[in-house]
Amino acid sequence: MLALDDLRTQLAAACDDAGIRSSSVVLYVAPVRRPAGTTPLAYLHPGGVVWPHTVAVFKAVAARADADRLAAHRLAVWHELPGIPAAAIGPMLRHELEHALRFERSGPRFFEADDLLRAAVGAAGGSGYAALPSEREANAASLAYARRTLLPSALEELRGSPDCALLLSADPSPGDVVGATLGELGKRLDWAPWLDPAARRSYLAEVAAACAAWDPSSLDLTSSRDAAEIVELG
């Protein structure tokens with residue numbers, strides 16, 4: 001069972017490390033033990049919606065997460081995380097907050113394209129998940145954070161955990177995550193099958209332009225919170 005005081009401390013530290021304003025973050029604690037095979041902790045960008053295909057932990061907190069749409073960077077975690085070492089919480093939070101940083105850098109159109117790539121990889125068997133540019137970026141952040149904050153024994157414990165080993169992946173982050181993501185989509189034919197090749201190229205160019213023009217101040221995440229909020233649902 002997660003200790004909320006420790007979770008609050010870990011979240012504050014991870015926000016500080018990422019350079020994310022903590023008051024822009026809400027973490028929902030789903031009121032159940034983590035079901036086997038589900039994602040232990042996840043991120044939903046401010047404009048995102050909980051869909052039927054969204055990861056299970058966000059479906060477990062869907063009503064509250066949707067109520068906070070456009071108001072926060074949203075994280076969700078299960079109340080109990082069997083099989084997850086306690087030392088993993090900080091690096092897991094840092095990994096997800098790197099996705100929040102990507103939103104602040106590139107905006108919602110990036111996540112639209114990233115979701116298309118994730119869906120295509122998943123439909124193809126999911127073996128390329130860790131190679132997704134956005135995942136490589138987040139794993140690089142969690143690795144650096146873990147190395148700064150954990151003892152060698154804890155690092156070895158994470159490396160030995162099937163659920164946590166990718167947090168310490170040494171695969172470098174792409175220099176241009178947006179370009180790498182759009183480039184991967186450009187190589188594939190298994191996304192948006194309703195579009196012809198010219199329309200696909202036009203779409204990718206449109207997303208690239210939108211990411212380049214993104215102004216994070218266009219979405220105001222300021223609120224009455226003076227720190228990250230943890231919402232324990234029950």
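In this chain, numbering begins with 1 at the start of the sequence shown.
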### Message
Using modelled atom types and a 3.5 Å cut-off, is there a donor and acceptor pairing between side-chain atoms of Arg34 and backbone atoms of Leu81?
### Response
no

### Task
For the pair Glu184 and Arg136, find out whether any cationic side-chain nitrogen is under 4.0 Å from an anionic carboxylate oxygen.
no

### Message
Just verifying a value: how many Å separate Thr181 OG1 and Phe110 CZ, rounded to the nearest 0.5 Å?
### Response
3.5 Å

### Query
Hey, is the main chain of Glu157 close enough, under 3.5 Å, to the side chain of Ser161 for a donor-acceptor pair?
no

### Query
Considering all heavy atoms of both residues, which atom of Pro40 and which atom of Val57 are nearest to each other, and what is their separation?
O-CG2, 4.4 Å

### Message
Ring-plane angle category for Phe103 and His45, please: parallel below 30°, perpendicular beyond 60°, tilted otherwise.
### Response
parallel

### Query
Are the side chains of Leu117 and Pro133 in touch, meaning some heavy atoms are under 4.5 Å apart?
yes

### Task
Taking all non-hydrogen atoms of both residues into account, name the closest pair between Gly90 and Ala14 and its distance.
O-CB, 4.5 Å

#### Entry: Distance-only polar pair, side chains of Arg94 and Thr149, donor-acceptor under 3.5 Å
no

### Task
Kindly say whether Ala198 contributes a backbone atom to a donor-acceptor pair with the side chain of Ser202 at under 3.5 angstrom?
no

### Task
I would like to know whether Val231 and Val61 meet side chain to side chain contact (heavy atoms under 4.5 Å, CB included); could you show each step before the answer?
CA-CA 10 Å; Val231 180; Val61 299; over 6 Å; no

### Query
Which word best sums up how the rings of Trp51 and His53 line up, parallel for under 30°, tilted for 30 to 60°, or perpendicular for over 60°?
parallel

### Same apolar cluster: Leu189 and Trp191, side chain cutoff 4.5 Å
no

### Query
How far apart are the closest heavy atoms of Asp226 and Ser22, and which atoms are they?
O-OG, 4.5 Å

### Task
For the residue pair His73 and Glu104, confirm or rule out a side-chain donor-acceptor distance under 3.5 Å.
yes

### Query
Quick one: CD on Glu96 to CG on Leu44, what's the gap to the nearest 0.5 Å?
11.0 Å

### Message
Between Arg188 and Val121, is the side chain to side chain contact (heavy atoms under 4.5 Å, CB included) condition met? List the steps.
### Response
CA-CA 10 Å; Arg188 305 181 72 108; Val121 168; 3.7 Å; yes

### Query
Which pair of heavy atoms, one from Leu158 and one from Ala88, lies closest together, and at what distance?
CD1-N, 3.9 Å

### Task
Mind listing the closest non-hydrogen atom pair of Phe58 and Val50 along with its distance?
O-CG1, 3.9 Å

### Task
Report yes or no: do Asp215 and Ser217 form a side-chain donor-acceptor pair below 3.5 Å?
yes

### Task
Quick one: pull up CG in Leu4 and CG in Leu11 and give me the separation to the nearest 0.5 Å.
11.5 Å

### Task
Please check if Val207 and Val178 belong to a single hydrophobic cluster, counting links between Ile, Leu, Val, Met, Phe, Trp and Tyr side chain heavy atoms closer than 4.5 Å.
yes

### Task
Report yes or no: do Tyr145 and Leu27 belong to one cluster of Ile/Leu/Val/Met/Phe/Trp/Tyr joined by side chain heavy-atom distances under 4.5 Å?
no

### Query
Can you check whether Val32 reaches Trp78 side chain to side chain, under 4.5 Å on heavy atoms?
yes

### Query
Does Glu135 reach the side chain of Tyr129, with side-chain heavy atoms less than 4.5 Å apart?
yes

### Query
To the nearest 0.5 Å, what is the distance between CG (Asp17) and CG (Leu93)?
11.5 Å

### Query
Would a 4.5 Å heavy-atom cut-off, applied to side chains only, mark Leu204 and Arg201 as touching?
no

### Query
Does the distance from a Lys or Arg side-chain N to an Asp or Glu carboxylate O, for Asp114 and Arg102, drop under 4.0 Å?
no

### Query
Do side-chain atoms of Arg109 reach the backbone of Ala210 as a donor and acceptor pair under 3.5 angstrom?
no

### Message
Same cluster or not: Met92 versus Leu150, using hydrophobic residues (I, L, V, M, F, W, Y) connected whenever any side-chain heavy atoms lie under 4.5 Å apart?
### Response
no

#### Entry: Atom pair NZ (Lys59) and OG1 (Thr38), whose distance is rounded to the nearest 0.5 Å
10.5 Å

### Tyr43 with Leu219, same ILVMFWY side-chain cluster at under 4.5 Å
yes

### Query
Does the side chain of Tyr203 come within less than 4.5 Å of Leu116's, by heavy atoms?
yes

### Message
Would you say CZ of Arg147 has more than 12 non-hydrogen atoms from neighbouring residues, nucleotides or ligands within 6.0 angstrom?
### Response
no

#### Entry: Ser169 and Leu143: CA distance, side-chain angles, deciding distance, side chain to side chain contact (heavy atoms under 4.5 Å, CB included) verdict
CA-CA 7 Å; Ser169 171; Leu143 171 62; over 6 Å; no

## Note on the structure
Minimal heavy-atom distance between Ser173 and Ala140, with the atoms involved, is CB-CB, 4.0 Å

### Message
Using a 3.5 Å distance criterion without hydrogens, assess whether the side chain of Ser142 forms a donor-acceptor pair with backbone atoms of Leu167.
### Response
yes

### Message
Could you walk me through whether Leu41 and Ile84 satisfy the side chain to side chain contact (heavy atoms under 4.5 Å, CB included) test, starting with their C-alpha distance in whole Å, then the side-chain angles of each, then the deciding distance to 0.1 Å, before giving a yes or no?
### Response
CA-CA 11 Å; Leu41 175 68; Ile84 301 294; over 6 Å; no

### Query
Charged N to carboxylate O under 4.0 angstrom, Asp66 versus Arg69?
no

### Query
With a 4.5 Å heavy-atom cut-off, do Pro108 and Trp214 have their side chains touching?
yes

### Query
Heavy atoms, side chains only, cut-off 4.5 Å: are Asn139 and Asp171 in contact?
no

### Query
Do you see a donor-acceptor pair shorter than 3.5 Å between the side chains of Glu137 and His99?
no

### Query
Taking the side chain as C-beta and beyond, is there a heavy-atom pair between Ile89 and Leu2 under 4.5 Å?
yes

### Query
Does Val25 offer a backbone N or O that forms a donor-acceptor pair with the side chain of Arg74 under 3.5 Å?
no

#### Entry: Pairing of Arg105 and Glu98 as salt bridge, 4.0 angstrom limit
yes

### Task
Give a yes or no on this: more than 12 heavy atoms of other residues, nucleotides or ligands lie within 6.0 Å of atom CZ of Arg33.
no

